[in-house]
Structure formats: C-alpha cells, structure tokens
A.B. asks: 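Got a structure for you, questions after.
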Number of protein chains: 2
Amino acid sequence: MVLQKYTFAVIATDVAIFTTQDGELKVLLIGMKKSPYEGFFALPGGLVGGDESIDDAAGRHLFDKAGVRGVFLEQLSAFGEPDRDPFGRVVSVAYYALVPPDAHRLKTTKQYKGVSWFSVQRLPNLAYDHKHILEAAVARLRGKLAYSNIARNLLSREFTLGEMQSMYEIILGEKLDKRNFRKKMIGSGLLTETKHMQKGRANRPARLYTFKKKKMVFI
Amino acid sequence: MVLQKYTFAVIATDVAIFTTQDGELKVLLIGMKKSPYEGFFALPGGLVGGDESIDDAAGRHLFDKAGVRGVFLEQLSAFGEPDRDPFGRVVSVAYYALVPPDAHRLKTTKQYKGVSWFSVQRLPNLAYDHKHILEAAVARLRGKLAYSNIARNLLSREFTLGEMQSMYEIILGEKLDKRNFRKKMIGSGLLTETKHMQKGRANRPARLYTFKKKKMVFI
DNA sequence: TCAAAAGTGTTCGTGCTACACCCATGC
DNA sequence: GCATGGGTGTAGCACGAACACTTTTGA
C-alpha cells in the first residue's frame with residue numbers, strides 16, 4: 001500500500017444534457033474525430049480551469065455546447081477509475097442538465113457542428129465510460145421524477161397537461177392514466193392555470209398552465 | 001474564459017463514517033495538529049493513489065481509520081471549490097459509510113489515537129469544508145432511510161425491533177409509533193425472526209431478528 | 001363528418017395514522 | 001413490588017388505481 005506523496009489528476013466535467021422531443025427522451029452528444037475514439041460520440045464536457053469551481057465548469061461547458069444558461073444542472077457523481085481515459089489520469093465529475101424543448105435551436109447553427117440529439121433508446125457508440133455515466137444519469141432522472149418536481153425543467157414556460165403527461169411517460173417509459181395524472185398535478189398546488197389556450201391544432205384546444213414558483217419544491 | 005491547457009489537481013477522498021451509540025447518531029472525526037487547522041477536527045480521508053480507483057481509496061481510508069471492511073460505503077458527491085484547501089487545488093470525492101455499533105472497538109487502541117466519535121448534534125470545529133460535507137452526508141442518510149433499507153448497515157447481525165426503531169428515531173430525529181413501526185417492518189418481509197431472545201436486561205426479553213438477504217433492497 | 005386530443009367522477013382497495021393496555025424480566 | 005421495555009389490534013382517513021364517455025377544434 002505504498003503511495004506517492006501526491007498524485008495529480010486532470011479534473012474534467014461531463015454533462016448529460018436532456019430534453020424531450022418527438023415523444024422521446026434525448027441527450028446531447030458530440031461526434032469525436034480524434035484517435036482512439038474517431039466515430040464515437042461523447043457527452044459534452046471538458047476540463048476544469050485552475051481557478052474555477054467544478055460547478056462553474058459544468059455550467060460553462062453546458063453553455064458552450066447547448067447554448068443555454070440558468071437551466072437545471074445538478075452533480076451526478078465523480079468517475080475516477082484509473083484507466084477510464086487513455087490520455088492519463090482524468091477524474092470526471094459528471095452532471096446532468098434538463099433543458100426545455102423550446103430552448104434548443106442549436107441543431108441548425110454552425111457553431112454546434114457535430115453536436116446532435118440522440119434518443120436514449122438508440123444510442124451510438126460512446127467514448128470513455130460515457131455509456132456508464134449516461135446510464136447513471138437516466139436512472140437518477142427517472143428516480144427523481146417520482147418524488148420531486150424537476151420535470152418542470154423539461155417543459156416550456158406555458159404547457160398543456162397533455163404535454164406534461166407525455167413528458168412523464170417518456171421518462172418513466174410507461175403509460176399513465178389521464179384522469180389520475182391530471183387530478184394529481186392540479187391537486188399538487190404547483191401549477192397555475194393561465195387564460196391562454198393552445199391554438200392551431202386539429203383538435204379541441206387545451207388549457208395552458210405555468211409553474212407557480214421559480215424554486216424547486218420536493219413533493 | 002482563457003484556460004491553461006491542463007490543470008492538475010490532487011484527488012482526495014473524505015469519508016463520513018456513521019454509527020449509532022448511546023441513542024445518538026455519531027460520526028468519526030480526527031483531531032488535527034498541523035497549521036492552519038490545529039485544534040480542528042476533520043473527516044478521515046486522504047489522497048487517492050496514482051493507480052487506485054477513487055472507490056478503492058475511500059475503502060482503504062475507511063479501513064485505516066475505522067478498522068472495518070465490507071461495510072456500506074457510497075459516494076456522496078465531489079467537492080471542488082478552488083479555495084477549499086489552503087494547500088492548493090484539492091478535489092475531494094466524499095463518501096459516507098455506515099458501521100454497526102458492535103464493530104467499533106477503535107476507541108481504546110493506540111493505532112487510533114486522536115480518532116473519536118462525535119454526536120452529529122454536538123460537533124466540534126471542522127477543518128476545510130468538512131462541515132458542509134457532513135451536512136450533505138447527514139441529509140443523504142436521512143433521505144435514504146425513508147425509501148431504502150440502508151438502516152441494516154447500522155445494526156448488529158441480530159437485533160431487536162426496539163433497537164431498530166430507536167435507530168430510526170435517532171437518524172430521523174423524531175419519535176415513531178411502536179405498533180406502526182413493528183407492523184411495517186415485519187410486514188416488509190425483509191426480516192427473519194430468530195429463535196434467540198435478548199438476555200440479561202431488567203425487562204421482558206425481546207425477540208432477536210436478522211435481515212433476510214445480504215444485498216440491498218429498495219423498498 | 002371524421003380524426004384527434006381535451007376534459008371530467010366515482011368506486012375500491014391499500015396503506016398510514018392514532019391510540020392504551022397487559023407481559024416478562026431483574027433488581 | 002416496581003421499574004423497564006416488549007408485545008399486541010382496530011377504526012378512520014387519505015391516496016392511488018382502474019375505468020368510459022362527451023366536447024371542441026381543424027381538415
């Protein structure tokens with residue numbers, strides 16, 4: 001059990017950025033070009049600056065890659081197997097972020113070339129231990145949905161109960177009963193009914209709701 | 001937002017080791033002798049070796065300081081504020097561990113000089129950001145108690161339902177109803193009734209129970 | 001008029017809560 | 001015999017689950 005006096009490591013953050021789109025839970029991935037991972041995809045992330053907190057670094061990488069700020073961002077776990085990165089000893093502190101579906105215009109802009117959304121059901125090959133990280137992130141998200149209101153971070157400012165329900169169904173991977181869902185959500189006291197109605201759809205217009213408070217509430 | 005190409009940091013682990021004793025939740029702390037923290041106490045921990053995973057390092061420090069192996073040990077979070085350690089850039093990956101009350105004989109042995117248990121209700125001054133880490137650990141423990149069976153890791157192999165209930169009360173910080181608690185625990189199917197009875201106490205002997213399975217079950 | 005999603009109540013079972021008294025032992 | 005913790009049942013309530021039809025719009 002002999003140790004060198006000090007072992008230094010590079011500190012990185014990787015961020016699993018989730019959104020819902022087309023009835024699926026999607027995560028942002030970046031195509032890699034460098035050996036030994038050409039053709040693989042990776043979670044956005046990068047190094048932590050020398051005078052920067054890890055949280056700040058995660059927020060910075062989130063903004064650089066997804067162009068969003070001020071969204072839900074929470075630490076998942078640190079990943080530090082000695083051989084997780086062929087480059088050398090890199091400890092990654094993983095985060096997950098939730099962005100509403102109307103915030104990601106990134107697919108069209110040039111800055112985000114090589115960046116795209118993938119359904120978590122159909123993932124490409126992932127570099128490093130990112131498959132492992134992503135599985136942990138999805139599990140955490142699914143678990144937290146049950147007893148918190150983090151779901152709000154995946155919805156637009158105004159949303160219909162139908163949209164909200166389908167978002168829950170996407171993440172949980174199961175169908176929910178419409179009447180029970182509406183009863184529970186309206187009864188939770190976290191939503192405000194607006195005066196606006198959804199428009200321009202070939203069906204009865206749905207009422208739009210907003211969340212009451214900015215801050216997170218754990219139900 | 002200019003970054004040096006690589007920023008290196010020292011990787012450490014800190015472990016909040018909990019047990020229950022004398023009706024209180026206790027945590028293991030080490031008295032410090034070196035400036036600028038002489039007179040302060042710190043969570044046991046230390047550096048991660050160059051070829052060692054962070055999990056392994058946490059287990060090693062747990063064994064070195066508390067003399068126990070194979071107990072519950074789970075990562076809490078990484079703490080990486082740039083100024084959290086006056087020594088330099090040290091990123092700490094914090095863990096929490098649960099040890100049964102009959103496993104800690106350490107107070108008497110010489111090897112563990114300067115190491116002692118403190119009630120989480122009456123903490124001494126803590127070095128670094130260890131107050132912050134410890135608060136996070138207690139909150140996690142309290143939260144997990146509600147929906148998992150991690151409590152088993154704080155009990156001896158055979159235990160009475162009274163001991164179990166008082167352990168829950170210690171951690172949750174509230175009184176529980178005896179009949180409801182017993183009903184719920186027996187009904188959970190996680191316990192096995194043994195043929196042994198508690199002995200040598202000035203009251204009616206209590207039946208001893210064990211846990212059914214080795215592996216963790218989330219109820 | 002048709003397709004599509006919105007909207008709406010009731011019943012049943014389960015699980016949580018509150019609550020008080022007798023029992024077995026050591027001293 | 002007394003102090004101490006062990007051991008037991010029931011009633012009320014809240015909550016979740018199951019379940020089907022009418023309404024409103026655009027095409």
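Only this structure's heavy atoms are used, side chains among them; waters, hydrogens and symmetry mates stay out. Proteins get letters first, then strands, A, B, ... in listed order; numbering begins at 1 in each.
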A.B. asks: Is the B/Tyr168 ring parallel, tilted or perpendicular to the B/Phe181 ring (thresholds 30°, 60°)?
C.D. replies: perpendicular
A.B. asks: Would you confirm whether B/Glu193, through its side chain, and B/Arg207, through its main-chain N or O, come within 3.5 Å as a donor-acceptor pair?
C.D. replies: no
A.B. asks: Expressed in angstrom and rounded to an integer, what is the separation of B/Arg207 atom CZ from D/dG7 atom P?
C.D. replies: 8 Å
A.B. asks: Would you mind reading off the distance between B/Gln165 atom CD and D/dG5 atom P, rounded to a whole angstrom?
C.D. replies: 13 Å
A.B. asks: What is the separation between atom CD on B/Glu163 and atom P on D/dG7, rounded to the nearest whole Å?
C.D. replies: 11 Å
A.B. asks: Just call it for B/Arg182: base, sugar-phosphate, or nothing, with non-hydrogen atoms closer than 4.0 Å on any strand.
C.D. replies: base
A.B. asks: Could you give the CG-to-C1' distance, from B/Asn180 to D/dG7, as a whole number of Å?
C.D. replies: 14 Å
A.B. asks: Send over the distance from B/Lys184 NZ to C/dT14 C1', rounded to a whole Å.
C.D. replies: 14 Å
A.B. asks: For the pair A/Phe211 and A/Phe159, name the ring-plane relationship: parallel under 30°, tilted 30 to 60°, perpendicular over 60°.
C.D. replies: tilted
A.B. asks: Round to the nearest Å and state the distance from A/Asp177 atom CG to D/dA20 atom P.
C.D. replies: 10 Å
A.B. asks: Establish, from distance only, whether the side-chain atoms of B/Tyr37 and B/Asn125 form a donor-acceptor pair under 3.5 Å.
C.D. replies: no
A.B. asks: Given atom CG of A/Leu176 and atom P of D/dA18, what is their separation to the nearest angstrom?
C.D. replies: 11 Å
A.B. asks: Tell me which residues in residues 194-206 of chain A lie within less than 4.0 Å of DNA chain D, going by non-hydrogen atoms.
C.D. replies: A/Arg201, A/Ala202, A/Asn203, A/Arg204, A/Pro205
A.B. asks: Remember a base hit wins even if backbone is also touched, and classify B/Lys178 as base, sugar-phosphate or nothing at under 4.0 Å, heavy atoms.
C.D. replies: base
A.B. asks: Considering non-hydrogen atoms only, spot the tightest contact between A/Arg157 and A/Thr210 and give its length.
C.D. replies: O-CG2, 3.5 Å
A.B. asks: Nearest whole angstrom, please: distance from the P of C/dA6 to the CZ of A/Phe181.
C.D. replies: 12 Å
A.B. asks: Looking only at the side chain of B/Lys183 (C-beta and beyond, no hydrogens), which of the listed nucleotides D/dT10, D/dG7, D/dG16 gets closest?
C.D. replies: D/dT10
A.B. asks: Any donor-acceptor pair under 3.5 Å linking the side-chain atoms of B/Gln198 with those of B/Thr160?
C.D. replies: no
A.B. asks: Can you tell me whether the side chain of B/Arg179 and the base of C/dA20 have a donor-acceptor pair closer than 3.5 Å?
C.D. replies: yes
A.B. asks: Determine the interplanar angle of the A/Tyr128 and A/His130 rings, folded into 0 to 90°, and report it as parallel if under 30°, tilted if 30 to 60°, perpendicular if over 60°.
C.D. replies: tilted
